[in-house]
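Every chain is numbered from 1 and lettered A, B, ... according to where its sequence line falls, protein lines coming before strand lines.
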Amino acid sequence: MIDLRLLREDPETVRASQRLRGDSVDSVDDLLRADEARRSAVASFEALRGEQKQLGKLMPKATGDEKTALLARTKDLAAEVKAAEAAVNEAEQALRTAQFAIANVVQDGAPGGGEDDYVVLREVGDRPVFDNPRDHLALGELLGAIDTERGAKVSGARFYYMTGVGALLQLGLLQMGLWQSVEAGFTPMIPPVLVKPESMEGTGFLGSHAAEVYHLPADDLYLVGTSEVPLAAYHKDEILNLAAGPQRYAGWSSCFRREAGSYGKDTRGIIRVHQFDKVEMFSYCDPAEAAEEHLRLLAWEEEMLGKLELAYRVIDVAAGDLGSSAARKFDCEAWLPTQNRYMEVTSTSNCTTFQARRLNTRFRDADGRTQTAATLNGTLATTRMLVALLEQHQQPDGSVRVPKALQPFVGGRDVLEPAKAGS
RNA sequence: GGAGGGUUCGCCUAGUGGCCGAUGGCGGUGGUCUUGAAAACCACUAAGGCAGCGAUGUCUUCAAGGGUUCGAAUCCCUUACCCUCCGCCA
């Protein structure tokens, strides 16, 4: 939800942002009009309501003719107040609709354009070269780590079992991420993965993402696609104390995505699935500090990828591909040898005050005033990283090397060997 | 699933139609006192919208929505959530 004060004071910035995203510029003017309309509706309601209260005070003392006259006037007034109130509600509704039509103002420096207009900030690590690389699924099956066939049998396409060392590997990876965050001062969290409509809505996932979200109609609950949802809603309607700096959470959860509209894309293996696990960083901070905090989240993501000894690159996502809440987004993409391409493994967004405004999450600034907080999120560890891990660390015999930092989290194993017999 | 009880300003609590934006306590902040602290005492102590350079003014908010009334925290209806008991299942 966009800041109306900014809009009034500097509509041109908002227009420029809309242009950069390839979104409608007219909707900025629609919002300006709706804002004006609401304010005038409120003013007339308040004038009437004020009069009503004044006259109401006289009532108990009034007697006789005086009282009769007063009653006549207040009776009319009651109807007028009611009509004015209805007008305010209507204007507020219209304002909200217009407000939701505008995405967050893009941060200075973010590239314009759409999905393919990202800017590569850096490439890190040496991309491994193989003669005949096995893809992650072939490796996973060889190791007895991934079973997509039975996943499909039991639950359908895009479901899978992590088996044996696969299960250990996934848990180890997530734990490694979680511990890194704990050492950095994050509060680890295991949030609910079923949330109420208002929580889903508040975090902005029922907008353009609505088709992506699983809904349980019997209970009117939603399955979260990321723990960003319960972590963002955690402090809904609260005033935080951020005097000591950003408040950071690391949420471990399963994530559920319908993957509607992605038919035929990444159908092999576990790259694009309906359910996976993730440790997500989430930070509440002073908006003045948000851009810096964003770089810190990115640095933590890169620290993880470094410890996993993965070759990756960092991209600055273009405005048109940001999603409505983000003002800036950096993705880390790991190299996928068998596909000769990079694949997104982490994504960190600076939502500035956009998300927190809708959720009414504020903090008290140095002057003691309440201000909307900024929220940021970023991926620390996720099932999908295993895809890159298996492929990049594979050896000719089908075994997979375990990076040193991960070894303590998988029972000290340094190499995962192919299973003796298939089953 | 059945039967009751509840939801008030950070927490607890008073409040059964106008004097209630709302009592009191706790907590918090500032001050007096003290070598320092504690105690005691005093003061302040919700959020938001709008107007104004500002002091300030004004309106909204007593779970949410609707109704009764000139006037609602207070009366009526609906919904949500919480609690207790019973049943059922782990």
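Remark: the separation of the C1' atoms in B/G17 and B/A73 is 11 Å, to the nearest Å. Nucleotides B/C26 and B/G67 have their C1' atoms positioned 38 Å apart, rounded to a whole Å. Comparing the same atom, C1', in B/U84 and in B/U29 gives a spacing of 40 Å after rounding to whole Å. Rounded to a whole angstrom, the distance from the P atom of B/U61 to that of B/G21 is 11 Å. Here, B/U68 and B/C77 have their C1' atoms 10 Å apart, quoted to the whole Å. B/C88 and B/A80 have their P atoms separated by 26 Å, given to the nearest Å. With P as the reference atom, B/G15 and B/G87 are 35 Å apart, rounded to whole Å. Atom name C1', nucleotides B/U60 and B/U78: the rounded distance is 23 Å, in whole Å.
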Any protein N or O atoms within reach of nucleotides 51-56 of chain B? Criterion: under 3.5 Å, listing atom names and distances.
unit_1, atom_1, unit_2, atom_2, d
B/A51, OP1, A/Arg39, NH1, 3.2

Pull out every protein N or O sitting under 3.5 Å from an N or O of nucleotides 27-29 of chain B, one pair per line with the distance.
none

Sub-3.5 Å pairs of nitrogen or oxygen atoms, protein against nucleotides 72-81 of chain B:
none

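Side-chain atoms of A/Glu46 come within donor-acceptor range of the base of B/G49, with a qualifying N/O pair under 3.5 Å.
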The test is side chain to side chain contact (heavy atoms under 4.5 Å, CB included); show your working for A/Leu216 and A/Leu194 and say whether it passes.
CA-CA 9 Å; A/Leu216 282 69; A/Leu194 283 169; 4.1 Å; yes

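At distances below 3.5 Å, at least one donor-acceptor pair connects side-chain atoms of A/Arg21 with backbone N or O atoms of A/Gly323. In this structure, A/Ser40 contributes its side chain and A/Ala37 its backbone to a donor-acceptor pair below 3.5 Å. A donor-acceptor contact shorter than 3.5 Å is absent between the side chain of A/His274 and the backbone of A/Phe256.
Residues from residues 80-94 of chain A that place a heavy atom under 4.0 Å from any atom of RNA chain B, listed by number: A/Lys82. Less than 4.0 Å separates RNA chain B from at least one heavy atom of each of the following residues of residues 71-79 of chain A: A/Leu71, A/Thr74, A/Lys75, A/Ala78.
When only modelled atom types and interatomic distance are considered, A/Thr352 and A/Asn104 share a side-chain donor-acceptor pair under 3.5 Å.
Neither OP1 nor OP2 of B/A46 sits under 4.0 Å from any side-chain N or O of A/Arg362.
If you take CD of A/Glu66 and C1' of B/C70, they are 14 Å apart, rounded to a whole angstrom. Between A/Arg5 atom CZ and B/C50 atom C1' there is a gap of 11 Å when expressed in whole angstrom units. If you measure from atom CG of A/Leu240 to atom P of B/A46, you get 19 Å, rounded to the nearest angstrom. Atom CZ in A/Arg364 sits about 9 Å away from atom C1' in B/A46, given to the nearest Å.
A/Tyr234 has its ring centre less than 6.0 Å from the ring centre of A/Tyr249.
Nucleotide B/G54: unpaired (no Watson-Crick or G-U wobble partner with both distances less than 3.5 Å). Across all strands shown, B/A3 is found opposite B/U84 as a Watson-Crick or G-U wobble partner, with both distances under 3.5 Å. B/A90 makes up no base pair with any nucleotide shown, lacking Watson-Crick or G-U wobble contacts both under 3.5 Å. In this structure B/U23 sits in no base pair that meets the Watson-Crick or G-U test at under 3.5 Å. Pairing for B/A40 goes to B/U32, judged as Watson-Crick or G-U wobble with the two contacts each under 3.5 Å.
Looking at A/Leu308 and A/Met176, their side chains come closer than 4.5 Å, going by heavy atoms from C-beta outward.
Ring pair A/His235/A/Tyr284 is perpendicular by interplanar angle, where above 60° counts as perpendicular and below 30° as parallel.
Within a 6.0 Å sphere centred on CZ of A/Arg5, heavy atoms belonging to other residues, nucleotides or ligands number 12 at most. At most 12 non-hydrogen atoms from other residues, nucleotides or ligands lie less than 6.0 angstrom from CD1 of A/Ile190. Heavy-atom neighbours of A/Arg8 CZ from other residues, nucleotides or ligands within 6.0 Å: above the threshold of 12. Summarising the local packing, CD of A/Glu238 is surrounded by more than 12 heavy atoms from other residues, nucleotides or ligands at distances under 6.0 Å.
Evaluated for a salt bridge (charged side-chain N to carboxylate O under 4.0 Å, His left out) with A/Arg33, the options A/Asp30, A/Asp35, A/Asp29 yield exactly one hit, A/Asp30.
Which of B/C59, B/C50, B/A47 sits closest to the side chain of A/Arg38 comes down to B/C50. Side-chain proximity of A/Lys53 to the nucleotides B/C70, B/U60, B/A47 is greatest for B/U60.
Under the rule for a salt bridge (Lys or Arg N to Asp or Glu O under 4.0 Å), A/Glu212 has no partner lying at least two apart in sequence or in another chain.
Distance check: A/Met343 CE to A/Asp266 CG gives 8.5 Å after rounding to the nearest 0.5 Å.
Nucleic acid contact for A/Gly56: base, since at least one base atom lies under 4.0 Å from a heavy atom of the residue.
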